[in-house]
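One structure is given below, encoded as structure tokens.
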Amino acid sequence: MAVPSLATVVADRLTAAMRHAAPDVDPPDPQVRESDHADLQANGLIGLARRLGRPPREVAGEVVAALAARKAGGPLAGCEVAGPGFVNLTVADDALRHQMAARLADERLGVGEPERGLTTVIDYSAPNVAKPMHVGHLRSTVIGDALARVLSHLGGTVVAQNHIGDWGTQFGMLIQHLHEHPHTGNHGIEQLVELYRAANATFDTDDAFAERSRQRVVALQAGDPETVAVWRELVAESTRYFAEVYEHLDVRLTPRDTVGESLYQPHLSGLVDDLRTAGLARDSDGAVVVFPPGHVGRDGSPVPLIVRKRDGGFGYAATDLAALRHRVSTLAADRVLYVVGAPQAQHLRMVFDTATAAGWLPDHVTVAHIAFGSVLGTDGRPLKTRSGHAPGLSDLVDEAVARARAVVADRNPDLPAEALVERARQVGVGAVKYADLSTSRGRDYTFDPDGMVSLTGNTGTYLQYAHARVRSILRRTGDEVGEASAGALLAGDGPLEPAERRLALRLDSFGDVVTEVAATSEPHRLCGYLFTLAQAYTAFYETCPVLTAPPAQRGVRLALCRLTGETLRTGLDLLGIAAPERL
RNA sequence: GCGCCCGUAGCUCAGUGGAUAGAGCAGGGGACUUCUAAUCCCAAGGUCGCAGGUUCGAAUCCUGCCGGGCGCGCCA
């Protein structure tokens, strides 16, 4: 059962008190926030005073009095006016114990399911066939996977769509090159990459080959059996590679979520006709284009969305429109999220605007570009995919895992080789994912391998370590669930230590933060929360002995440990990061 | 030129219009016979790019400027 946080309960009570103290005025948001000066502080009463045209401290005093008059059984132990009209709020120890007990008794830790009944389509990862995945794919994959986990945890239906690049003119040159230089045996990603490089080089230097490649594109589009068979082989090989990468990364995408660009090809002709019929598309120099209003280019003229090229081929805009239409009509999306790099912002806006104009986007469906920044080197220069080589995803992950293995092996000399491999993977992958998820996604991303895999400080490893310490304590009790129970919390009395209070308050906000991540599509908020939670636990760990405490206190502390452990484990899982029992 | 994003500690970054702007890393000083020291504590480090404006109150909202990144007709 959902357990509202103390902050929301207190906010509701303040709103009620404002209504009581000033019945004729619509009460503003009480703005209850965590505070350095108390457990919580409310800033919104100054706004109420403004609406009343009266001195803020006076009004705040009346609201506090109204609050005090109805506080029987409430969670507050104290509230006082401070500064220009803030209200500092202290929650009662009993209220904290009850909150913790309620969360501990609930398998969902008291987190509600506000997404129940909503379907969200998430477009993420989107690697290209016959190309290695690089850091840009990593961001989309990791962020998209985290959002999928969060929305699904909140009760929503999530439909992942891996929009892989499996169509386009480059396949003509790949297939033609394979045709002229047949490979034997299996290919593997390395061979595919080599094929891409060789085909591309020949294409650029050999005009005759380039022409044969163009013919090969025509053959592919016409469904020539031999050509299609080779194409399928290329796609299948890449799909196997993607699946390996996802599994290694603990990403939930599977081949079932793969909906390549090729699948929309049969619908593009009709789509262009529909746009024409709707009066949105028109001919321009032999191409078919849409001019969504409000998009102006270099010379002040409208920027076209090219749905069909002059040569008769369809551009990616057509594919994107077909995909969007499919997601809304067939997949019944209430919300469509595009986890795509920020440089595509204008393109996506034009696609969204065109879809809206065409009537393919009903009002109740929201569409959002979940943009993330470009990948920069440590010199601050962007790493270009085409010119230089963007760092390969596998290289980065392998390096992180190797460093993790060195540290894990150093701390656990007796760990069997097999367990070492798996734990190093969990730690290394967790470090990479956390580094990616913990900064706000809109910013450009500085690719810093050293910082990413350092395994100290504000990293995924810190969170895993805090979790492992929790587990270590609980393992030492004979019956952790029985002793570290909700009942133990409720049986506790006497004042809580400051470190216990701070930990309990952090634990209480978990559901609010997860809901916020869903609302903003910003996983870094969850990272920040989990880091402060781990810090609060560490402070508790340093100052509050658990196993050696007197029985009543021991029960309370064990219960706090267990709730912390389960909150960390759940939070890490929502980020796609493992929480091993031991580090 | 137009549009979008971004300028916060030496570096990498948090920061819901609220009180004294916070973390991590690096560098300095301390703490392991102790439930895991992958940790913790202390000190140091800032014209929040600049200038105006709105507000009781601005890193946060508005305007202008400076600096950086990205995008802007047939690649995806």
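Chain letters run A, B, ... following the sequence lines, proteins first and then strands; every chain starts at 1.
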Would A:Arg327 and A:Asp123 pass as an ion pair if we require N to O under 4.0 Å? yes
Salt bridge flag under 4.0 Å for residues A:Asp512 and A:Arg525: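 A:Arg525 and A:Asp512: not salt-bridged.
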Exactly one of A:Val290, A:Leu321, A:Val288 should register a side-chain contact (heavy atoms from CB on, under 4.5 Å) with A:Val272. Which one does? A:Val288
Quick one: label [X] by what it contacts on the DNA or RNA (base, sugar-phosphate, nothing), any heavy atom closer than 4.0 Å.
X	value
A:Ala342	nothing
A:Ala468	base
A:Glu261	sugar-phosphate
A:Arg308	nothing
A:Asp444	sugar-phosphate
A:Val289	nothing
A:Tyr541	base
A:Asp29	nothing
A:Cys544	base
A:Pro343	sugar-phosphate
A:Thr461	base
A:Ala82	base
A:Thr319	nothing

[N] versus [M] - spacing of their [atom1] atoms, nearest Å:
N	M	atom1	result
B:A23	B:A43	P	11 Å
B:U8	B:U47	P	12 Å
B:G71	B:U12	C1'	26 Å
B:G18	B:A51	P	23 Å
B:G27	B:A59	P	32 Å
B:C42	B:A58	P	31 Å
B:A21	B:A9	P	14 Å
B:A14	B:G53	P	30 Å

Taking the six-membered ring for Trp, are A:Phe531 and A:Tyr434 ring centroids under 6.0 Å apart? no
Centroid-centroid under 6.0 Å between A:Tyr445 and A:Phe372 rings: no
Any chance you could encode RNA chain B as dot-bracket? Rule is Watson-Crick or G-U wobble with both distances under 3.5 Å; [ ] for pairs crossing earlier ones, | for another strand. (((((((..((((....[...))))..((((.......))))......(((((..]....))))))))))))....
Nearest listed nucleotide, side chain of [X], among [options]:
X	options	answer
A:Ser440	B:A14, B:A76, B:C35	B:A14
A:Val546	B:C13, B:U39, B:C35	B:C35
A:Arg310	B:C74, B:C35, B:A14	B:C74
A:His37	B:A19, B:A76, B:U36	B:A19
A:Gln31	B:G17, B:G3, B:A14	B:G17
A:Lys309	B:A76, B:G17, B:U36	B:A76
A:Ile473	B:C74, B:U39, B:C35	B:C35
A:Phe86	B:U36, B:G18, B:G73	B:G18
A:Thr538	B:U39, B:A19, B:G17	B:U39

By side-chain hydrogen bond (donor to acceptor under 3.5 Å, both in side chains), which residues pair with A:Arg54, not counting sequence neighbours?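 A:Arg54: side-chain hydrogen bond (donor to acceptor under 3.5 Å, both in side chains) contacts with A:Glu58, A:Glu62.
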Which heavy atom of A:Thr258 sits nearest to which heavy atom of A:Leu263, and what is that distance? O-CD1, 4.5 Å
On a heavy-atom basis, the closest approach of A:Phe540 and A:Ala499 is CA-CB, 3.8 Å
Not counting sequence neighbours, which residues clear side chain to side chain contact (heavy atoms under 4.5 Å, CB included) with [X]? List them please.
X	result
A:Asp166	A:Val129, A:Ile164, A:Trp231, A:Val235, A:Glu261, A:Ser262
A:Val193	A:Pro132, A:Ile189
A:Asp29	A:Gln31
A:Ala322	A:Tyr264, A:Leu268, A:Leu271

If stacking means aromatic ring centre less than 5.5 angstrom from the base's six-membered ring centre, planes under 30°, is A:His295 stacked on B:G3? no
Stacked cation flag A:Arg469 on A:Tyr537, 6.0 angstrom / 45 deg: no
How far apart are the C-alpha atoms of A:Arg582 and A:Ser472, what are their side-chain angles, what is the distance that settles it, and do they pass the side-chain hydrogen bond (donor to acceptor under 3.5 Å, both in side chains) test? CA-CA 8 Å; A:Arg582 291 183 173 86; A:Ser472 176; over 6 Å; no
Output one line per pair: protein atom, nucleotide atom from nucleotides 21-28 of chain B, and distance, for all N/O pairs under 3.5 Å.
| from | atom 1 | to | atom 2 | distance (Å) |
| --- | --- | --- | --- | --- |
| B:G24 | O2' | A:Asn458 | N | 3.3 |

Quick one: the side chain of A:Asn88 and the base of B:A19, do they pair up donor-acceptor inside 3.5 Å? yes
Can you check the A:Arg441 CZ to B:C13 P distance for me, whole Å?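 Whole-Å distance recorded here is 16 Å.
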Specify the separation, in whole Å, of atom CG of A:Asn43 and atom P of B:U16.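 Nearest whole value for this atom pair: 13 Å.
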Please list all pairs passing the side-chain hydrogen bond (donor to acceptor under 3.5 Å, both in side chains) test where one or both residues lie in residues 309-320 of chain A, with sequence neighbours left out.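 Non-adjacent pairs meeting side-chain hydrogen bond (donor to acceptor under 3.5 Å, both in side chains): A:Asp320-A:His347.
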Using the ring pair (Phe, Tyr, Trp, His ring centres under 6.0 Å) criterion, which residues pair with A:His369? Sequence neighbours excluded.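 Residues passing ring pair (Phe, Tyr, Trp, His ring centres under 6.0 Å) with A:His369: none at all.
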Tell me which residues in residues 514-525 of chain A put a heavy atom below 4.0 Å from RNA chain B, sorted by number, or none.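 Heavy-atom contacts with RNA chain B come from A:His524.
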Polar-atom pairs under 3.5 Å, protein N or O versus N or O of nucleotides 6-10 of chain B: list them with distances, or write none.
| from | atom 1 | to | atom 2 | distance (Å) |
| --- | --- | --- | --- | --- |
| B:G7 | OP1 | A:Arg443 | NH1 | 3.2 |

Nucleotide N/O of nucleotides 55-57 of chain B paired with protein N/O under 3.5 Å:
| from | atom 1 | to | atom 2 | distance (Å) |
| --- | --- | --- | --- | --- |
| B:U55 | O3' | A:Arg50 | NH2 | 3.2 |
| B:C56 | OP1 | A:Arg50 | NH2 | 2.7 |

